[in-house]
Q: 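Structure incoming, see below.
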Amino acid sequence: MSSAETPTTPRGPVDSSRIPRYAGPATYARLPRLDEVGGKTDVAVVGVPFDTGVSYRPGARFGGNAIREASRLLRPYNPAQDASPFALAQVADAGDIAANPFNINEAVETIEAAADDLLGSGARMMTLGGDHTIALPLLRSVAKKHGPVALLHFDAHLDTWDTYFGAEYTHGTPFRRAVEEGILDTEALSHVGTRGPLYGKQDLTDDEKMGFGIVTSADIYRRGADEVADQLRQRIGDRPLYISIDIDCLDPAHAPGTGTPEAGGMTSRELLEILRGLASCNLVSADVVEVAPAYDHAEITAVAASHTAYELTTIMSRQIAEARVPRQAVSER
Ligand SMILES: N=C(N)NCCCC(=O)O
Ligand SMILES: [Zn+2]
Ligand SMILES: [Zn+2]
């Protein structure tokens, strides 16, 4: 066991058979706060309430808390991955990173420093955005720990554009910056769920030059989730992997609560199935961003995001447990 891992029995969520699930303040999945587990955890669920980088409708600063509220109904056993994620490893809610809403450059620095602290403590991060700008400082921090990482980017958009109104740090530009900074492994970069109008054909040429492959939402519809997951897994191999999920990868019918919706997206079932197909990948951290609750209805988007984070968390806690105990014991716990 590495010193980074929790040696004792993990403290799980509040028991919803004893305390009604709608009672009390919302942490993600009713998990303990980081301070309730001694300030150390294997997986840190952390909010980044920041949306100053958006090009259209604002409101993703409220996304993290909307996801926490919608996550009250999650249960401790995940049958799709045959695992109890909160028993296999310590998962805790690390609260929010407080980023300056009036200064994007400063906010990006703050997010990177906070991520350095969490990753430095040995935790993997499950970040709840926030707009997509936040992926850049998160990737910077992850690359400091692991070197350039493979990236799976689920999104309707490329987010490899150059600048908006002259600004370098926006929600449409994080992955171009990341490639420029050399923090991504350019042999293993994919966008998944891409669709919708672009500024010009050059957007695609530029994106390809940066090393990205594209699985469009139409590809997923035609080929199916299993085949797509197989292809992605082969491209990634055993590289350290970061998964960034812009909730607008889903069709607006499945995620109306987001700032830049595009018609013709994948279903939440397809997204969850692709993620389950990636369970054997070396997932070092992940984010779910762009949930903007003001445009949501009946928590459709926040529920989808809470389940998305649940699959990602399950992948990470299974891997932490597998590194600690003999392989066959993991599904029995
Ligand atoms: N990352 C998200 N959600 N959207 C990027 C859209 C950038 C644009 O307005 O062209
Ligand atoms: Zn997007
Ligand atoms: Zn995005």
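Index from 1, following the sequence. Model, not experiment: these values are computed from the prediction. Each ligand, and each atom within it, is numbered from 1 in the order the structure gives.
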Q: Is the Zn ion (ligand 2) less than 2.8 Å from at least one N/O/S atom of D246?
A: yes

Q: Heavy-atom contacts with E290 under 4.0 Å: which atoms of ligand 1 show up? List them by number with element.
A: 1 (N), 2 (C), 3 (N)

Q: With no hydrogens and no angle check, just 3.5 Å: does a side-chain donor-acceptor pair link D159 and H157?
A: no

Q: If you consider just the N/O/S atoms, which atom of D159 is the closest one to the Zn ion (ligand 3)?
A: OD2

Q: For ligand 1, which atoms sit closer than 4.0 Å to a heavy atom of T260?
A: 2 (C), 3 (N), 4 (N)

Q: How close do I243 and L275 get, heavy atom to heavy atom, and via which atoms?
A: CD1-CD2, 4.3 Å

Q: Can you find a pair of side-chain heavy atoms, one from E181 and one from L139, that are under 4.5 Å apart?
A: no

Q: Check each atom of ligand 1 against the heavy atoms of S55 and keep those under 4.0 Å away; list them by number with element.
A: 6 (C), 7 (C), 8 (C), 9 (O)

Q: Would you find a donor on one side and an acceptor on the other, under 3.5 Å apart, between the side chain of E168 and the backbone of R177?
A: no

Q: Restricting to N, O or S atoms of D155, which is nearest to the Zn ion (ligand 3)?
A: OD2

Q: For the Zn ion (ligand 2), does an N/O/S atom of D248 lie at less than 2.8 Å?
A: yes

Q: Kindly give the heavy-atom pair with the smallest separation between L88 and R324, and that separation in Å.
A: O-NH1, 3.0 Å

Q: According to the interplanar angle, ranging from 0 to 90°, do the rings of H153 and F175 count as parallel (below 30°), tilted (30 to 60°) or perpendicular (above 60°)?
A: tilted

Q: Indicate, as side chain, backbone, both or neither, the part of D248 found under 4.0 angstrom from ligand 1 when only non-hydrogen atoms are considered.
A: side chain

Q: Classify the contact between D131 and ligand 1 as side chain, backbone, both or neither, using a heavy-atom distance cut-off of under 4.0 Å.
A: neither

Q: Answer side chain, backbone, both or neither: which part of Y56 comes under 4.0 Å from ligand 1, heavy atoms only.
A: neither

Q: Using a strict cut-off of 4.0 Å, indicate which atoms of ligand 1 neighbour a heavy atom of Y199.
A: 8 (C), 9 (O), 10 (O)

Q: Please list, in number order, the atoms of ligand 1 under 4.0 Å from a heavy atom of D159.
A: 1 (N), 2 (C), 4 (N), 5 (C)

Q: Counting heavy atoms only, which of E262, H171, R57, H153 comes nearest to atom 2 (C) of ligand 1?
A: H171

Q: Would you check if the side chain of R33 reaches a backbone N or O of T27 as a donor-acceptor pair within less than 3.5 Å?
A: no

Q: Verify, without hydrogens or angle tests, whether K144 (side chain) and D116 (backbone) share a donor-acceptor contact under 3.5 angstrom.
A: no

Q: Assess E290: does it contribute an N, O or S atom lying under 2.8 Å from the Zn ion (ligand 3)?
A: no

Q: The Zn ion (ligand 2) is nearest to which N, O or S atom of H157?
A: ND1

Q: For atom 8 (C) of ligand 1, what is the nearest protein heavy atom, given as residue, atom name and distance?
A: Y164 OH, 3.1 Å

Q: Find, among atoms of H132 that are N, O or S, the one nearest to the Zn ion (ligand 3), and state its name.
A: ND1

Q: Do D246 and H171 have a side chain donor and acceptor closer than 3.5 Å?
A: no

Q: If you compare all heavy atoms of P174 against all heavy atoms of A135, which two are closest, and at what distance to 0.1 Å?
A: CB-CB, 4.5 Å

Q: Kindly give the heavy-atom pair with the smallest separation between L189 and L184, and that separation in Å.
A: CD2-CB, 3.7 Å

